[in-house]
Amino acid sequence: MAPDNMNFFPILAGTCRGTGIFAILTHRARTARALLHLASLAFFAALMCATCEWFRLEEKFGRITGFIQEKTGGISVTESGIKPVIEPNKAKYYLVFPDLEFKYTPDIQVQASDINVDTDTTKGIIWTPGIVALWVRNADGLFGFTPVIWATSKGTFPKVLYNSMTPVSKESLVNKLSKSGNPNGPFSLRPKNSNIKEMFTPLFVLVASFLLYIVYFLQIVFQTLFFALIFSMIFGFTGRRNARTLPFNRLLAIVIYASFPPIIIGSIFSALDLPIDYQTVFLFCYVCYLMAVMLRVERTLTPDIDKPEL
């Protein structure tokens with residue numbers, strides 16, 4: 001690496017080849033540049049993880065929507081609301097997965113018995129002629145929901161749907177769903193065809209992958225900054241003598257750059273869905289690599305002393 005090349009990719013490649021590049025970064029690292037490079041690496045690492053998750057999500061959501069398509073025959077938009085093709089006037093309940101239930105009720109008003117039928121489940125799909133929604137139950141027994149199809153004349157959520165994911169009791173959830181359901185339409189998503197799998201699988205996968213990308217990006221950035229600050233303070237106060245002479249902002253930049261290989265390794269574990277979680281892999285690799293980096297920094301800052309002639 002040329003001494004004047006402090007761009008992202010040369011520095012990334014240098015940190016992955018060993019600790020030699022830190023002989024340069026010891027004198028030239030800047031916190032602002034290190035933060036920008038961290039955000040760049042987080043962008044690519046999160047993109048890799050989300051892309052790999054895309055294929056797993058596609059398979060999982062395909063199974064869910066395919067199951068519902070098989071049991072309901074698809075969606076039919078009628079004058080009396082959105083209904084299944086098969087037996088539209090008959091209630092349906094299925095346990096799609098051990099932790100996911102599906103309930104269709106031909107009644108406009110949602111009942112408490114329609115939600116969380118199996119008390120072991122924490123997620124479910126509720127379908128009435130006026131609304132289709134996903135609900136979740138948290139550890140405190142409170143519920144939130146996300147509408148999938150709803151009735152609106154302006155293409156926006158009704159007021160009752162704002163803050164729909166705010167945790168509420170089952171009774172409040174039932175009340176919200178009943179108020180927001182309107183079988184007269186027009187509906188937010190008018191299906192071009194009745195096949196639930198073809199219509200919803202790509203949409204669910206896209207939304208879930210985007211949300212996962214945001215989660216991965218924030219996790220990488222904030223976890224790295226959290227541990228980088230801690231390690232910088234540790235080495236700044238208790239490190240070897242020469243390392244303690246570094247300005248804190250330069251030491252922080254060096255510690256941030258030392259996180260690059262651990263971020264890559266941890267992201268690979270997440271992308272491949274290996275049994276060890278990202279934080280465990282990242283932190284273990286970070287501590288090991290950072291010790292080697294600080295030894296390199298110490299050697300770089302130690303002046304050469306000529307040996308006395310005999």
Side-chain angles (χ1 to χ4, degrees), residues 58 60-97 100-118 121 123-137 143-166 168-208 210:
E58 191 171 38
K60 182 175 182 178
F61 283 123
R63 288 169 58 192
I64 295 173
T65 54
F67 178 87
I68 297 174
Q69 168 65 28
E70 178 185 351
K71 297 298 183 180
T72 64
I75 292 179
S76 175
V77 178
T78 68
E79 293 182 355
S80 56
I82 42 178
K83 295 186 176 183
V85 173
I86 298 176
E87 298 179 315
N89 297 318
K90 181 180 179 181
K92 299 174 175 60
Y93 171 81
Y94 304 104
L95 195 62
V96 183
F97 287 129
L100 176 69
E101 66 179 37
F102 169 84
K103 179 65 185 285
Y104 166 76
T105 173
D107 299 326
I108 304 300
Q109 299 297 315
V110 179
Q111 305 298 322
S113 58
D114 296 327
I115 304 294
N116 208 192
V117 178
D118 186 331
T121 60
K123 297 180 287 291
I125 302 169
I126 179 69
W127 178 355
T128 76
I131 189 172
V132 179
L134 307 175
W135 60 261
V136 294
R137 175 171 58 85
F143 293 80
F145 76 99
T146 300
V148 178
I149 303 178
W150 65 94
T152 175
S153 59
K154 298 180 180 180
T156 58
F157 283 6
K159 289 183 179 180
V160 72
L161 297 183
Y162 292 134
N163 300 319
S164 60
M165 289 304 294
T166 302
V168 296
S169 65
K170 180 189 282 192
E171 291 72 20
S172 297
L173 173 66
V174 168
N175 186 50
K176 280 187 175 184
L177 290 170
S178 297
K179 285 183 178 180
S180 56
N182 180 6
N184 298 323
F187 296 101
S188 59
L189 181 63
R190 189 175 184 86
K192 297 179 181 179
N193 60 71
S194 65
N195 192 296
I196 296 173
K197 183 174 183 179
E198 294 178 359
M199 187 165 48
F200 286 105
T201 300
L203 176 63
F204 289 162
V205 171
L206 179 62
V207 172
F210 176 75

Separation between [atom1] of [X] and [atom2] of [Y], rounded to the nearest 0.5 Å:
{"X": "Leu173", "Y": "Trp135", "atom1": "CG", "atom2": "CH2", "answer": "8.5 Å"}
{"X": "Lys83", "Y": "Thr128", "atom1": "NZ", "atom2": "OG1", "answer": "10.5 Å"}
{"X": "Met199", "Y": "Phe204", "atom1": "CE", "atom2": "CZ", "answer": "9.0 Å"}
{"X": "Asn175", "Y": "Gln109", "atom1": "CG", "atom2": "CD", "answer": "9.0 Å"}
{"X": "Trp127", "Y": "Thr105", "atom1": "CH2", "atom2": "OG1", "answer": "12.0 Å"}
{"X": "Ile126", "Y": "Ile115", "atom1": "CD1", "atom2": "CD1", "answer": "4.5 Å"}

Heavy-atom closest contact ([X] atom, [Y] atom, distance):
{"X": "Val110", "Y": "Ser178", "answer": "N-OG, 3.0 Å"}
{"X": "Ser80", "Y": "Pro129", "answer": "O-CB, 3.5 Å"}
{"X": "Lys92", "Y": "Glu87", "answer": "NZ-O, 2.5 Å"}
{"X": "Pro106", "Y": "Asn89", "answer": "CG-O, 3.7 Å"}

Going by ring pair (Phe, Tyr, Trp, His ring centres under 6.0 Å), name the pairs with one or both residues in residues 69-94, residues two or more places apart or in two chains.
Phe67-Tyr94
Is the shortest heavy-atom distance from the side chain of Tyr104 to the side chain of Ile68 under 4.5 Å?
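When only atoms from C-beta onward are counted, Ile68 and Tyr104 do not touch, as no gap falls below 4.5 Å.
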Run the side-chain contact (heavy atoms from CB on, under 4.5 Å) check on Ile75 and Val132 step by step: do they pass?
CA-CA 11 Å; Ile75 292 179; Val132 179; 5.7 Å; no
Do Lys176 side-chain atoms and Phe145 backbone N/O form a donor-acceptor pair below 3.5 Å?
no
Can Phe97 and Ile64 be said to form a side-chain contact (heavy atoms from CB on, under 4.5 Å), step by step?
CA-CA 8 Å; Phe97 287 129; Ile64 295 173; 3.2 Å; yes
Side chain to side chain donor-acceptor pair (under 3.5 Å): which pairs involve residues 63-75, sequence neighbours left out?
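Side chain to side chain donor-acceptor pair (under 3.5 Å) check on residues 63-75 returns Thr65-Thr201.
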Crowded around Lys170 NZ? As in, over 12 foreign heavy atoms under 6.0 Å?
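Yes, NZ of Lys170 has more than 12 neighbouring heavy atoms, counting only those of other groups under 6.0 Å.
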Enumerate the salt bridge (charged side-chain N to carboxylate O under 4.0 Å, His left out) contacts for residues 100-109, please, sequence neighbours excluded, ordered by first and then second residue.
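As it turns out, the salt bridge (charged side-chain N to carboxylate O under 4.0 Å, His left out) pairs with a partner in residues 100-109, which skip direct neighbours, are Lys103-Asp114.
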So the salt bridge (charged side-chain N to carboxylate O under 4.0 Å, His left out) pairs with at least one residue in residues 123-135 (sequence neighbours excluded) are Asp99-Lys123
Non-neighbouring partners of Ser113 that pass side-chain contact (heavy atoms from CB on, under 4.5 Å), sequence neighbours left out:
Gln111
Give the intermediate values and the outcome of side-chain contact (heavy atoms from CB on, under 4.5 Å) for residues Thr121 and Leu100.
CA-CA 6 Å; Thr121 60; Leu100 176 69; over 6 Å; no
